Participant: 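Following this message is one structure expressed as structure tokens.
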Amino acid sequence: MDTKEYLQSVDYPGRIVAAGWDEDGKPMAFYAITGRSENSRNRILVSENGCIRTKAYDESKLTDPSLVIYAASKCIDDCLIVTNGDHTDTIYDYLKKGRSIEEALVSRTYEPDEPSFTPRIGSVIYSDHILFFIIRRENGKPRRLLWRYEKENGVCHVIHTYEADGNPLPSFRGAPVRVDSSSDFLEEAWSALNPEYRVAAYLKTSAGERIINALEGKDGKA
């Protein structure tokens, strides 16, 4: 499926993780934030010490950092971790100790932002395969799902926190969606998002990293 077409079909995706391989077989990873509240929208993505992190654009307006300030991406050994929260650090710490991603996920649950109970999503990208996961609330308990995709040139998969807009916000259902990984992935994905909700986006490829921050009003290089 065309990336832009798919993202345009989702009126409010929340946070988005996409990963796969470009047409030359090089790994690529994408992360984007859309937000409605002032606390959520008052953010930018920055590159610090080899990590991609969220940061308050105006520190004086930051009311609660617990679910909005985190490392969205970290590298360890031969893999890249991309998630929508501080479980980036959890997975990093478990892998560093030689433990599994499954063990890391069991140690975490969905976000405590009642009534939406936002899912924790993410991807762990290796050279020849990618793992996607979600931890969402079902029947009052966390349900943890994990998918593995083998290397396929020109193909990405995408997962996001919400199926659509709503109150409470409905969690993403089903498996990650297969989309094309074009050379203009960052621009296509960014332009597909509702301008009213766009906050920030990040793309990592073999050519380097790029960040777009809505509050900075420009496309910058990480």
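Every value quoted in this text rests on a predicted model; they were computed, and no experiment measured them.
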Participant: So do Glu102 and Leu105 actually touch side chain to side chain, heavy atoms under 4.5 Å?
Facilitator: no
Participant: Out of curiosity, Ile121 CD1 to Thr161 OG1, how far, rounded to the nearest 0.5 Å?
Facilitator: 5.5 Å
Participant: Looking at Thr109 and Pro142, would you say the former's side chain and the latter's main chain have a donor-acceptor pair under 3.5 Å?
Facilitator: no
Participant: What's the verdict on salt bridge (Lys or Arg N to Asp or Glu O under 4.0 Å) for Asp89 and Lys96, showing C-alpha distance, side-chain angles and the deciding distance?
Facilitator: CA-CA 10 Å; Asp89 295 325; Lys96 192 172 182 179; over 6 Å; no
Participant: Evaluate salt bridge (Lys or Arg N to Asp or Glu O under 4.0 Å) for Glu152 paired with Arg178, printing each intermediate quantity in order.
Facilitator: CA-CA 11 Å; Glu152 188 174 0; Arg178 177 188 168 110; 2.8 Å; yes
Participant: Would you say Ser171's side chain and Arg136's backbone share a donor-acceptor pair under 3.5 angstrom?
Facilitator: no
Participant: Quick check: closest heavy atoms across Ala192 and Leu7, and the distance to 0.1 Å?
Facilitator: CB-CB, 3.7 Å
Participant: Do you know which two heavy atoms are closest between Ala164 and Pro170, and how far apart they sit?
Facilitator: O-CD, 3.4 Å
Participant: Answer yes when Arg144 and Glu138 have at least one side-chain N-carboxylate O distance shorter than 4.0 Å, and no when they do not.
Facilitator: no
Participant: Could you go through Leu80 and Val124, starting from their C-alpha distance and side-chain angles, then the distance that decides it, and tell me whether this counts as side-chain contact (heavy atoms from CB on, under 4.5 Å)?
Facilitator: CA-CA 6 Å; Leu80 176 69; Val124 183; over 6 Å; no
Participant: Can you confirm whether the side chains of Thr90 and Arg108 place a donor and an acceptor under 3.5 Å from each other?
Facilitator: yes
Participant: May I ask you to decide if Val199's main-chain N or O and Arg41's side chain share a donor-acceptor pair within less than 3.5 Å?
Facilitator: no
Participant: Considering only heavy atoms from C-beta outward, does the side chain of Met28 approach that of Trp21 to under 4.5 Å?
Facilitator: no
Participant: If I take atom OG from residue Ser181 and atom CG from residue Asn153, how far apart are they, to the nearest 0.5 angstrom?
Facilitator: 8.0 Å
Participant: May I ask you to say whether Lys204 pairs ionically with Glu209, meaning some side-chain N is under 4.0 Å from a carboxylate O?
Facilitator: yes
Participant: Hey, are Lys4 and Glu188 close enough for a salt bridge, meaning a charged N less than 4.0 Å from a carboxylate O?
Facilitator: no
Participant: Is a donor from one side chain sitting under 3.5 angstrom from an acceptor on the other, for Thr83 and Thr88?
Facilitator: yes
Participant: Heavy atoms only: give me the nearest Leu193-Pro13 pair and the separation to one decimal.
Facilitator: CD2-CG, 4.2 Å
Participant: To the closest 0.5 Å, what do you measure between SG (Cys75) and CD1 (Ile81)?
Facilitator: 8.5 Å
Participant: Tell me if the CD atom of Glu103 is crowded by more than 12 foreign heavy atoms within 6.0 Å.
Facilitator: yes
Participant: Using atom types as modelled and distance alone, determine if a side-chain donor or acceptor of Glu216 lies under 3.5 Å from a backbone N or O of Asn213.
Facilitator: no
Participant: Is the closest side-chain heavy-atom distance between Ile16 and Phe30 below 4.5 Å?
Facilitator: yes
Participant: Is Leu146 reachable from Tyr110 through a run of I, L, V, M, F, W or Y residues, each pair having side-chain heavy atoms under 4.5 Å apart?
Facilitator: no
Participant: Identify the two heavy atoms, one from Pro115 and one from Pro168, that lie closest to each other, and give their separation to 0.1 Å.
Facilitator: O-CB, 3.5 Å
Participant: Is it true that a side-chain atom of Asp58 and a backbone atom of Ser60 form a donor plus acceptor pair closer than 3.5 Å?
Facilitator: yes
Participant: Could you name each residue pair satisfying ring-ring contact (aromatic ring centres under 6.0 Å, His included) that touches residues 155-176, not counting sequence neighbours?
Facilitator: Tyr6-His160, Tyr12-Tyr162, Tyr149-His157, His160-Phe172
Participant: With a 4.5 Å cut-off on side-chain heavy atoms, are Tyr31 and Asn84 touching?
Facilitator: yes
Participant: Under 4.0 Å between a side-chain nitrogen and a carboxylate oxygen: does that hold for Arg36 and Asp165?
Facilitator: yes
Participant: Establish whether Leu131 and Ile76 are linked, either directly or via other cluster members, by ILVMFWY side-chain heavy-atom contacts under 4.5 Å.
Facilitator: yes
Participant: Could you name each residue pair satisfying ring-ring contact (aromatic ring centres under 6.0 Å, His included) that touches residues 44-93, not counting sequence neighbours?
Facilitator: His87-Phe133
Participant: Asp22 side chain to Gly154 main-chain N or O, any donor-acceptor pair under 3.5 Å?
Facilitator: no
Participant: Does Lys55 reach the side chain of Leu45, with side-chain heavy atoms less than 4.5 Å apart?
Facilitator: no
Participant: What's the spacing between Arg99 CZ and Ser107 OG if we round to 0.5 Å?
Facilitator: 8.0 Å
Participant: Under a 3.5 Å distance rule, please check whether Arg198 uses its side chain to pair with a backbone N or O of Trp190 as donor and acceptor.
Facilitator: yes
Participant: Looking at Arg15 and Glu111, is there a salt bridge between them, counting it only when a charged N and a carboxylate O are closer than 4.0 Å?
Facilitator: yes
Participant: Please test Leu95 against Cys79 for side-chain contact (heavy atoms from CB on, under 4.5 Å), starting from the C-alpha separation and ending with a verdict.
Facilitator: CA-CA 10 Å; Leu95 292 179; Cys79 68; 4.0 Å; yes
Participant: Identify whether Leu186 and Val82 are in the same connected component of the hydrophobic contact network (ILVMFWY, side-chain heavy atoms under 4.5 Å).
Facilitator: yes
Participant: For the backbone of Ile125 and the side chain of Ser123, can you confirm whether one donor and one acceptor N or O come within less than 3.5 Å of each other?
Facilitator: no
Participant: Under 3.5 Å, is there a donor-acceptor pair between the side chain of Ser116 and the main chain of Leu169?
Facilitator: yes
Participant: With rounding to the nearest 0.5 angstrom, report the CZ to CZ distance, Phe185 to Arg210.
Facilitator: 13.0 Å
Participant: How close do Val17 and Phe132 get, counting heavy atoms only, and between which atoms?
Facilitator: O-CE2, 4.0 Å
Participant: Quick one: do the Ser182 and Asp180 side chains pair a donor with an acceptor below 3.5 Å?
Facilitator: no
Participant: Please determine if Arg137 forms a cation-pi arrangement with Phe117, meaning its NZ or CZ atom is less than 6.0 Å from the six-membered ring centre and no more than 45° off the ring axis.
Facilitator: yes
Participant: Go through the steps for Asp113 and Leu67 under the test side-chain contact (heavy atoms from CB on, under 4.5 Å), then give the verdict.
Facilitator: CA-CA 9 Å; Asp113 58 337; Leu67 296 177; 4.1 Å; yes
Participant: Indicate yes or no: at least one non-hydrogen side-chain atom of Arg43 is less than 4.5 angstrom from one of Ile33.
Facilitator: yes
Participant: Would you indicate whether the side-chain heavy atoms of Pro65 and Asn39 approach each other to under 4.5 Å?
Facilitator: no
Participant: In terms of heavy-atom contacts, does CD of Gln8 have more than 12 from other residues, nucleotides or ligands at under 6.0 Å?
Facilitator: yes
Participant: Report the C-alpha distance between Arg53 and Lys74 in whole Å, list the side-chain angles of each, state the deciding distance to 0.1 Å, and finish with yes or no for side-chain contact (heavy atoms from CB on, under 4.5 Å).
Facilitator: CA-CA 9 Å; Arg53 298 184 177 277; Lys74 278 188 171 183; 4.1 Å; yes
Participant: Between Val68 and Ile44, is there a shared hydrophobic cluster once you connect ILVMFWY residues whose side-chain heavy atoms come closer than 4.5 Å?
Facilitator: no
Participant: Answer yes when Lys61 and Glu59 have at least one side-chain N-carboxylate O distance shorter than 4.0 Å, and no when they do not.
Facilitator: no
Participant: Do the side chain of Glu163 and the main chain of Arg173 share a donor and acceptor less than 3.5 angstrom apart?
Facilitator: yes
Participant: Taking atom OH of Tyr94 and atom CD1 of Ile91, what is their separation to the nearest 0.5 Å?
Facilitator: 11.0 Å
Participant: Under a 4.5 Å cut-off applied to non-hydrogen side-chain atoms, are Ile211 and Ile52 in contact?
Facilitator: yes
Participant: Are Val177 and Val155 connected in the hydrophobic side-chain network, where two residues link if heavy atoms are under 4.5 Å apart?
Facilitator: no
